[in-house]
Amino acid sequence: MMENQQTLRGAIAYNDLVAAVGAGNVSRNPVELQAYLGDASFLGMVMPKHKLRIDMPDFIVFPETTEQTAEVLRLANVHKLPVTPYCGGAGVQGAAVPLYGGIVLDVKKMDKILAIDETNLTVTCQSGMIGQTLEWALNAKGYTYAHIPQSSYCSGIGGFLAGHSAGVLSTKYGKIASMVLGMEVVLPTGRVIRTRAVPQSAAGPNLNHLFIGSEGTLGVITEATLTIHPLPEVRQFRSYVFPDLHAAFEAARKIMRRGLVPGTLRISDLVESLEFYKQDGSFMTLSFDGFKELVDLQEREAMAIARAEGGKDLGPEPGERWWQHRFTSVYPKDQGTPLDMGRHTFNVGNVIETAGSFTYLEAIHQEMGEAVTRIPGTTFKAHFSHWYKTGGMMYPYVVNSGAASDEEMVDRYFELHRAAVGAVLRLGGTITHHHGVGLTLRGFMPREFGASFEALQTIKHALDPNNIMNPGKLGFEGR
Amino acid sequence: MELQKVERLARLCETCPKMCRHVCTTHVVTHSEADTPNQRCSVAYQALLRGYFLPEEAPYMYEKCATCGLCLTWCETDIDAGEVMLAARVDLVDQGLAPEAALALRESMSRHGNPHGDPAERRFSGIREALKELPETAEVLYYAGCDTLYHHPEIALAALKVLRAAGVEHTMLKAGEPCCGEPLRLMGFLDDFRAAARQVMESIIASGARTVVCTCPSCLRMLREVYAAYDVPVPADLTFLHMSEYLNRLLVDGRLKLTRDIGLRITYHDPCDLGRRLEVYEPPRQVLAALPGAQFTEMFFNRKDARCCGAGGGLALTNLPLVMKASRTVVDLAQDVNAEVLVTACPTCKTSFSRHTLKGDEMETLDLVELVAMAL
Ligand SMILES: Cc1cc2nc3c(=O)[nH]c(=O)nc-3n(C[C@H](O)[C@H](O)[C@H](O)COP(=O)(O)OP(=O)(O)OC[C@H]3O[C@@H](n4cnc5c(N)ncnc54)[C@H](O)[C@@H]3O)c2cc1C
Ligand code: SF4
């Protein structure tokens with residue numbers, strides 16, 4: 001909080017904002033400010049209850065149009081107020097935490113579908129739509145946009161784009177970046193730009209990719225045109241258990257290489273297979289969706305590959321059950337939340353997910369496991385989903401318990417990151433596949449990018465000369 | 001604090017990444033993070049830890065929750081954030097932080113016996129002639145409730161017409177039908193609520209009826225399950241039915257005959273208390289299916305997923321602008337399926353929707369029993 005509420009400077013800023021978006025769209029109410037302090041990250045949600053207090057933002061602003069958004073950003077430059085774009089606030093890296101107070105710009109009042117083009121299979125919508133709301137609107141007409149992350153109910157289009165997220169069907173439909181044709185973005189200075197919504201283009205670099213994954217540091221995404229698909233006729237599941245993780249990996253690699261297109265392909269390591277699926281070995285669930293004949297054919301081919309790698313067929317039931325309960329794990333439980341399992345017991349795994357080539361993905365699993373379990377009180381298991389012809393993603397589950405104090409817990413939290421990410425970077429993987437950088441991984445950005453981080457910083461300086469957009473995120477300067 | 005009774009719900013909900021925000025009646029209208037079940041529970045939980053509410057927190061407990069049960073439907077932890085809000089309101093009353101609207105409601109209940117501030121003598125004015133024809137006692141008691149009698153007497157008239165046509169021996173609490181008391185519970189006045197509930201049960205028992213039929217799902221829910229939960233004695237041999245359930249029985253038994261072609265495209269809105277709370281989903285649909293010439297289409301959100309008209313939880317008194325916006329979303333869904341009549345089975349929903357669907361417009365809102373009366 002910059003004490004804007006008590007100062008003349010604050011009063012003027014407030015009145016300017018009210019003039020831009022209307023009194024009903026600017027809030028200084030303490031109850032509302034409190035609601036925007038954090039997101040769904042450990043740092044933004046759990047830590048404040050233990051030790052690390054986050055300063056209050058000064059204003060919550062709800063623009064209803066692109067023009068209003070532009071005016072808010074222009075005013076933020078005038079008043080030198082930081083702006084943190086906020087969509088679902090369900091990011092798990094703290095990217096939406098308003099670290100330096102100022103304006104939280106909630107995009108969710110921009111929640112309209114502007115067009116559903118059934119011939120060309122696109123939907124154009126504003127960025128404040130919650131994922132499931134868009135999905136339902138499309139389902140009602142017989143379509144899907146096929147981006148179904150576990151946060152479909154709580155995150156929105158702006159967050160998906162700015163966070164470069166991945167849905168559970170990404171192996172077939174791609175991450176959000178591969179669904180985008182065009183976008184409208186308000187640049188940090190208030191200038192509105194649009195990228196051309198065409199199937200493909202060779203006209204220079206694709207600017208969409210500058211803003212996808214930018215975590216609110218380069219502007220506010222206000223609109224997007226995304227691909228849609230007719231709802232699949234069928235979705236069929238099949239599960240297998242392999243003698244070891246390597247065999248499951250080989251099956252995954254060969255399935256992708258064969259040109260099969262599973263919607264989901266999930267592999268659990270031996271620990272997770274035993275704990276979650278009661279299977280001795282490495283558990284795999286596969287699904288194919290589309291029209292029946294093609295689905296049957298792909299399933300047959302996949303089955304042959306799985307069998308050749310020693311996979312035992314478990315039939316459709318385990319996969320169907322997983323699909324039905326795929327959101328269950330994130331609801332609060334008496335024994336704790338997925339992040340915070342009681343005093344000083346916490347999970348960091350979900351924010352050190354990584355991606356890498358087939359050559360070293362298994363080694364990442366091995367070395368990360370070893371690195372984190374060297375830290376006292378740590379257990380490690382992982383699953384692999386989101387596959388590509390070139391490799392896949394690993395999602396670890398790293399639980400630490402037994403820290404003697406809040407201070408020690410905070411230290412361990414960061415130590416675990418250093419250990420896990422260190423192993424990833426050493427072997428050639430990326431620091432994050434889909435959860436983004438936020439507050440936890442910002443320090444690793446120069447190592448992830450190498451010399452090209454300077455290029456990224458140069459772009460940031462050029463687009464945002466006053467550093468108003470989400471300062472301190474993505475490894476950029478704070479205030 | 002009353003909140004202690006729901007401590008677990010508030011504590012767990014506070015840690016959720018808002019997995020029901022996409023359906024919360026308030027949130028889909030205001031889009032604010034503060035207006036989510038999770039945040040409201042968080043405010044309540046912090047108040048419980050602190051031992052008291054801050055004045056600025058009161059509106060979030062009173063004006064932002066329709067107690068519609070949509071959060072519960074989507075919550076895999078089975079948390080009904082509405083229950084937390086109702087407990088919070090009791091504590092706010094104790095703390096002297098109840099809003100004006102709540103105090104006015106209590107005053108109206110004690111002076112006029114209804115939540116609307118309408119004079120008690122007007123209770124039956126919309127159905128006075130029909131009332132004269134009713135016997136003193138009967139097997140079936142039609143319990144109309146305040147919203148029907150004061151705002152939609154046409155629903156009561158239709159109900160009486162249909163019961164007569166089916167040859168049902170029926171009557172009403174002619175000497176004075178008391179309010180079911182639900183508005184008092186919603187506003188946090190639990191002692192007053194229990195007193196009202198006892199009065200209702202005494203009147204019903206005294207009437208000698210065996211079956212009580214309601215057109216208002218909230219009254220029905222009080223009688224069928226809520227009174228007992230508040231230790232108000234309810235005789236086990238009394239049967240409580242919603243009009244849709246009763247009409248469906250009459251149709252199945254062949255006592256009610258619908259012959260007139262109504263020739264309308266219709267859709268049906270599941271009221272929160274009838275649907276999600278009492279799980280009465282099929283009887284209204286079966287009755288609608290029996291209407292000659294009705295073309296029925298479901299709205300995209302139906303049954304347990306039906307949207308709320310916004311007027312639950314006392315919001316019609318504390319936050320009318322929100323009710324206007326929430327009810328608009330349901331009307332839009334009905335328009336999406338090209339309905340001429342948005343049928344509901346609750347007088348409160350009818351009030352909410354009728355603000356958008358005026359008679360003579362392309363779409364009209366009618367109670368189910370009105371349509372049945374049209375088809376006689
Ligand atoms: C239960 C749960 C399950 C999850 N499952 C998945 C999953 O399966 N796959 C996955 O990829 N992620 C998952 N996540 C993480 C999260 O959903 C993603 O990071 C998502 O992209 C965040 O979207 P949001 O709307 O919540 O964004 P927020 O948290 O509000 O914001 C995320 C970042 O985007 C910026 N931002 C938001 N809107 C805009 C905009 N319009 N313009 C510019 N910047 C903007 C913010 O400033 C912030 O930096 C999960 C999270 C939770 C809590
Ligand atoms: S009611 Fe359930 S789903 Fe909704 S926020 Fe609370 S815990 Fe989450």
Side-chain angles (χ1 to χ4, degrees), chain A residues 24 27 29-41 45-46 49 60 62 64 86-92 96 104 106-111 128-137 139-141 150-156 325 327-334 336-340, chain B residues 8-24 27-47 49 53-61 63-64 71 74-79 298-302 305 307 321 329 332-333 336-337:
Chain A
S27 176
N29 180 325
V31 179
E32 200 147 23
L33 296 179
Q34 179 78 31
Y36 286 85
L37 270 189
D39 58 2
S41 63
M45 196 167 168
V46 184
K49 290 194 190 108
I60 315 298
F62 300 88
E64 294 188 33
Y86 205 101
C87 193
V92 289
V104 172
D106 188 328
V107 295
K108 289 195 293 295
K109 278 197 181 172
M110 296 188 279
D111 69 334
M129 285 196 88
I130 292 298
Q132 191 61 33
T133 311
L134 175 61
E135 179 63 10
W136 274 331
N139 292 169
K141 292 186 179 295
Q150 212 183 18
S151 53
S152 186
Y153 303 163
C154 51
S155 286
H325 296 288
F327 291 167
T328 302
S329 67
V330 303
Y331 288 85
K333 313 269 181 312
D334 287 304
T337 69
L339 295 180
D340 186 10
Chain B
R8 176 181 167 269
L9 304 189
R11 174 170 43 83
L12 290 185
C13 185
E14 194 197 27
T15 64
C16 182
K18 305 180 182 136
M19 291 297 282
C20 62
R21 68 118 52 92
H22 62 307
V23 295
C24 170
H27 182 71
V28 300
V29 167
T30 72
H31 304 289
S32 169
E33 293 300 306
D35 298 334
T36 53
N38 151 277
Q39 274 300 314
R40 289 192 289 270
C41 282
S42 173
V43 168
Y45 185 57
Q46 293 307 319
L49 293 180
F53 277 96
L54 303 172
E56 63 265 29
E57 292 170 340
Y60 288 88
M61 305 294 100
E63 299 171 17
K64 305 291 188 137
C71 53
W74 281 85
C75 181
E76 295 199 19
T77 313
D78 283 340
I79 288 172
E298 286 286 4
M299 285 186 273
F300 184 74
F301 295 115
N302 60 67
D305 294 326
R307 293 315 185 225
T329 63
D332 287 345
L333 288 168
D336 284 349
V337 296

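This structure is a prediction, so every number in the text was calculated from the model and none was measured. Every chain is numbered from 1, with letters handed out A, B, ... down the list of sequences.
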*Determine the option with the most heavy-atom pairs under 4.5 angstrom with chain A, choosing from S42(B), S32(B), C75(B), A34(B).*
S32(B)
*Among side-chain atoms of S329(A) and Q150(A), is any donor-acceptor pair under 3.5 angstrom?*
yes
*Which one of Q39(B), M19(B), K18(B), R8(B) has the most heavy-atom pairs closer than 4.5 Å to chain A?*
M19(B)
*Between N139(A) and chain B, which part of the residue has a heavy atom less than 4.5 Å away: side chain, backbone, both or neither?*
both
*Heavy-atom closest contact (V337(B) atom, E298(B) atom, distance)*: CG1-O, 3.4 Å
*asked:* With heavy-atom distances below 4.5 Å as the criterion, would you say the side chains of M61(B) and V43(B) are in contact?
replied: yes
*With a 4.5 angstrom heavy-atom cut-off, could you sort out which part of E32(A) is near chain B: side chain, backbone, both or neither?*
both
*Do the numbers put R40(B) on top of the ring of Y60(B), so that NZ or CZ is under 6.0 Å from the six-membered ring centre and no more than 45° off the axis?*
no
*asked:* Before you tell me yes or no, could you show the steps for N29(A) and S27(A) under side-chain hydrogen bond (donor to acceptor under 3.5 Å, both in side chains), namely the whole-Å CA-CA distance, both residues' side-chain angles and the distance that decides it to 0.1 Å?
replied: CA-CA 5 Å; N29(A) 180 325; S27(A) 176; 5.4 Å; no
*Under 4.5 Å heavy-atom distance to chain B, tell me which part of T133(A) shows up: side chain, backbone, both or neither.*
side chain
